[in-house]
Amino acid sequence: MAGGLERVYGTEEDKVNCSFYIKIGACRYENKCQRIHSIPPISQTILFKHMYQNSPMEVAIASGNAVSQAGIEEALEKFENFYEDVFLKLAEFGEIEDLIVCENIGDHLVGNVYVKYTSELFAESCFNALQNLSYENRPLQMEYSPVLDFSSAKCKQYIDGTCQRGGACNYLHLKKISTKFKKSLFNQMYEEHPEYREKKEKEVNIEKSPKKHKKKEKKSKKKKSSSSRESSRRNSIERQKMINDWNETGIQNVSQAQKMMYGNNMPAPVYTPKVSMRTSPELLQLQLQLAALKEQLAAIKMS
């Protein structure tokens with residue numbers, strides 16, 4: 001009996017506990033849900049409800065509306081300022097494993113911020129320290145979250161660029177951020193709190209078995225100073241390169257799909273896809289073509 005309960009816990013077969021809340025940390029039915037939302041008494045992950053305030057431009061992006069290049073730049077700048085501010089503040093309480101911000105615009109997910117620490121002790125320190133405090137004159141709404149694996153909470157279709165629900169999707173759509181910028185924040189965290197890195201190195205040394213004689217080669221990692229982090233965030237050329245890299249990847253994927261399906265016989269676009277922060281006018285045009293190809297391919301299969 002116990003084995004059967006463990007098997008169905010948190011799945012669609014579980015008639016008692018809300019599978020969406022366990023997987024996502026939020027449910028669209030909220031308090032009206034007919035299944036239980038069990039908030040853990042402690043967790044490595046803390047959810048800050050509706051902490052991030054989207055600008056009208058960001059709402060337009062999440063809703064799938066076309067926006068200008070200047071609008072994308074403005075949204076990136078605003079979000080990076082927020083991400084840096086919150087990351088470095090939360091790092092004061094312990095070593096952060098990941099920090100994510102939702103792009104969803106549904107009432108239960110809009111502006112949600114999740115921070116996962118490397119231990120429950122760090123999370124507890126943060127939770128206790130920030131009780132009854134505010135961010136930008138808005139009280140913090142905190143709770144421990146059951147989500148420990150963000151990969152299962154993310155929308156796979158959004159990652160592939162095929163989610164048709166846009167900001168209304170109930171799986172997590174994460175706001176995009178430069179990998180270089182994010183790494184620079186982690187580097188600054190370790191520079192300001194060397195005890196986190198030392199603790200991790202001690203744990204690695206303890207786990208090593210004395211019977212193993214083969215030594216693994218360690219790749220040296222160059223430390224990035226706060227000045228390099230500043231340039232990665234504020235340098236418009238650097239951010240433009242990041243956007244261009246996104247666009248180039250999308251163009252390559254669309255071109256491959258075009259060759260596989262129709263070769264040189266390209267039908268005209270008839271469908272308007274969702275637009276994300278990664279979309280440029282050139283990539284949008286190719287997405288239009290790919291969407292049209294998918295529709296025609298589906299029609300051929302049905303005939």
Side-chain angles (χ1 to χ4, degrees), residues 5-6 8-54 58-59 62 79 82-83 86-87 89-91 93-135 138-159 163 165-177 182:
L5 291 175
E6 290 179 1
V8 301
Y9 177 76
T11 66
E12 292 296 330
E13 299 178 33
D14 191 341
K15 303 302 181 183
V16 178
N17 302 287
C18 177
S19 61
F20 247 92
Y21 178 77
I22 294 171
K23 185 181 296 184
I24 311 298
C27 168
R28 61 175 173 165
Y29 297 111
E30 299 183 296
N31 296 333
K32 296 180 181 179
C33 184
Q34 297 180 353
R35 300 184 185 182
I36 297 175
H37 293 178
S38 298
I39 301 176
I42 194 168
S43 171
Q44 288 177 244
T45 305
I46 299 175
L47 166 62
F48 295 87
K49 293 184 176 181
H50 319 306
M51 184 180 183
Y52 183 73
Q53 294 294 291
N54 289 292
E58 290 170 296
V59 173
F79 175 59
F82 170 87
Y83 195 93
V86 172
F87 184 99
K89 179 60 180 179
L90 296 179
F93 306 107
E95 183 183 8
I96 294 175
E97 184 173 316
D98 202 2
L99 175 68
I100 63 173
V101 182
C102 293
E103 189 174 60
N104 309 66
I105 56 176
D107 290 342
H108 60 300
L109 289 175
V110 61
N112 284 1
V113 177
Y114 296 78
V115 59
K116 182 181 178 183
Y117 286 96
T118 56
S119 78
E120 292 180 349
L121 292 176
F122 290 146
E124 185 178 24
S125 175
C126 173
F127 194 88
N128 293 335
L130 298 182
Q131 287 289 334
N132 303 318
L133 296 184
S134 300
Y135 182 82
R138 299 174 62 252
L140 292 174
Q141 302 179 57
M142 296 186 299
E143 65 180 42
Y144 288 116
S145 174
V147 182
L148 297 177
D149 180 12
F150 291 132
S151 62
S152 62
K154 297 175 186 176
C155 175
K156 305 300 187 298
Q157 293 179 333
Y158 176 71
I159 295 173
C163 181
R165 302 201 64 186
C169 183
N170 289 315
Y171 285 92
L172 300 188
H173 289 194
L174 306 188
K175 284 186 171 292
K176 304 296 187 302
I177 191 166
K182 191 171 183 178

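Not measured: the values here are computed from a predicted model.
Distance alone, capped at 3.5 Å, is enough to place a donor-acceptor pair between the Y83 side chain and the L99 backbone. At distances below 3.5 Å, at least one donor-acceptor pair connects side-chain atoms of Q44 with backbone N or O atoms of Y117. At distances below 3.5 Å, at least one donor-acceptor pair connects side-chain atoms of T45 with backbone N or O atoms of V147. Between the side chain of N112 and the backbone N or O of H50, at least one donor-acceptor pair lies under 3.5 Å. A side-chain donor-acceptor contact under 3.5 Å links K116 to the backbone of L148. Judged by distance alone, the side chain of D149 and the main-chain N or O of S151 form a donor-acceptor pair under 3.5 Å. A donor-acceptor pair under 3.5 Å is absent between the side-chain atoms of N17 and the main chain of R35, judged by distance alone.
Ring geometry for F82 against Y52 counts as perpendicular: the plane angle is over 60°, on a 0 to 90° scale with 30° as the lower cut. Using cut-offs of 30° and 60° for the angle between ring planes, the Y144 and F127 rings count as parallel.
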Where do E103 and K176 land on the salt bridge (charged side-chain N to carboxylate O under 4.0 Å, His left out) test, with the steps shown first?
-> CA-CA 9 Å; E103 189 174 60; K176 304 296 187 302; 5.0 Å; no
Applying side chain to side chain donor-acceptor pair (under 3.5 Å), run through N170 and K23 and close with a yes or a no.
-> CA-CA 11 Å; N170 289 315; K23 185 181 296 184; over 6 Å; no
When you look at E143 and I46, which way does the side-chain contact (heavy atoms from CB on, under 4.5 Å) test go after all the steps?
-> CA-CA 6 Å; E143 65 180 42; I46 299 175; over 6 Å; no
Dump the intermediate steps for side-chain contact (heavy atoms from CB on, under 4.5 Å) on V86 and Y135, then the final yes or no.
-> CA-CA 9 Å; V86 172; Y135 182 82; 4.1 Å; yes
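Few gaps surround CD on Q131; more than 12 heavy atoms of other groups in view lie less than 6.0 Å from it. Enclosure of atom NZ in K49 is not indicated, since only 12 or fewer non-hydrogen atoms of other residues, nucleotides or ligands lie within 6.0 angstrom. In D107, the CG atom is not crowded: 12 or fewer heavy atoms of neighbouring residues, nucleotides or ligands sit closer than 6.0 Å.
Atom CZ of R28 and atom SG of C18 lie 10.0 Å apart (nearest 0.5 Å). The line from CD1 of I22 to OG of S152 is 11.0 Å long, rounded to the nearest 0.5 Å. Separating the CG atom in L174 from the CD1 atom in I159 is a distance of 7.5 Å, to the nearest 0.5 Å.
In this structure, I24 and K154 have side chains that are not in contact, with every pair of non-hydrogen atoms separated by 4.5 Å or more. Between V113 and I100 the shortest side-chain heavy-atom distance does not fall below 4.5 Å. Looking only at side-chain heavy atoms (C-beta outward), L130 and F93 come within less than 4.5 Å of each other. Q157 places none of its side-chain heavy atoms less than 4.5 Å from the side chain of R165. Two residues are said to be in side-chain contact when any heavy atoms from C-beta on lie closer than 4.5 Å; E124 and I42 meet this criterion. Between Y21 and I39 there is a side-chain heavy-atom pair separated by less than 4.5 Å.
Summarising the geometry of S43 relative to S145, their closest heavy-atom pair is OG-O, 2.7 Å, with the distance given to 0.1 Å. Between C163 and C155, the shortest heavy-atom distance links the atoms SG-SG, 3.9 Å. Of all heavy-atom pairs spanning F48 and C126, the tightest one is CZ-SG, 4.3 Å. The shortest heavy-atom contact between C102 and L172 is SG-CD2, 3.6 Å. Pairing each heavy atom of E30 with each of H37, the nearest pair is O-CE1, 3.3 Å. What you find for A26 and L109 is that their closest heavy atoms are CB-CD2, 3.7 Å.
When F150, F20, Y158 are each tested for a ring pair (Phe, Tyr, Trp, His ring centres under 6.0 Å) with Y171, only one passes: F20.
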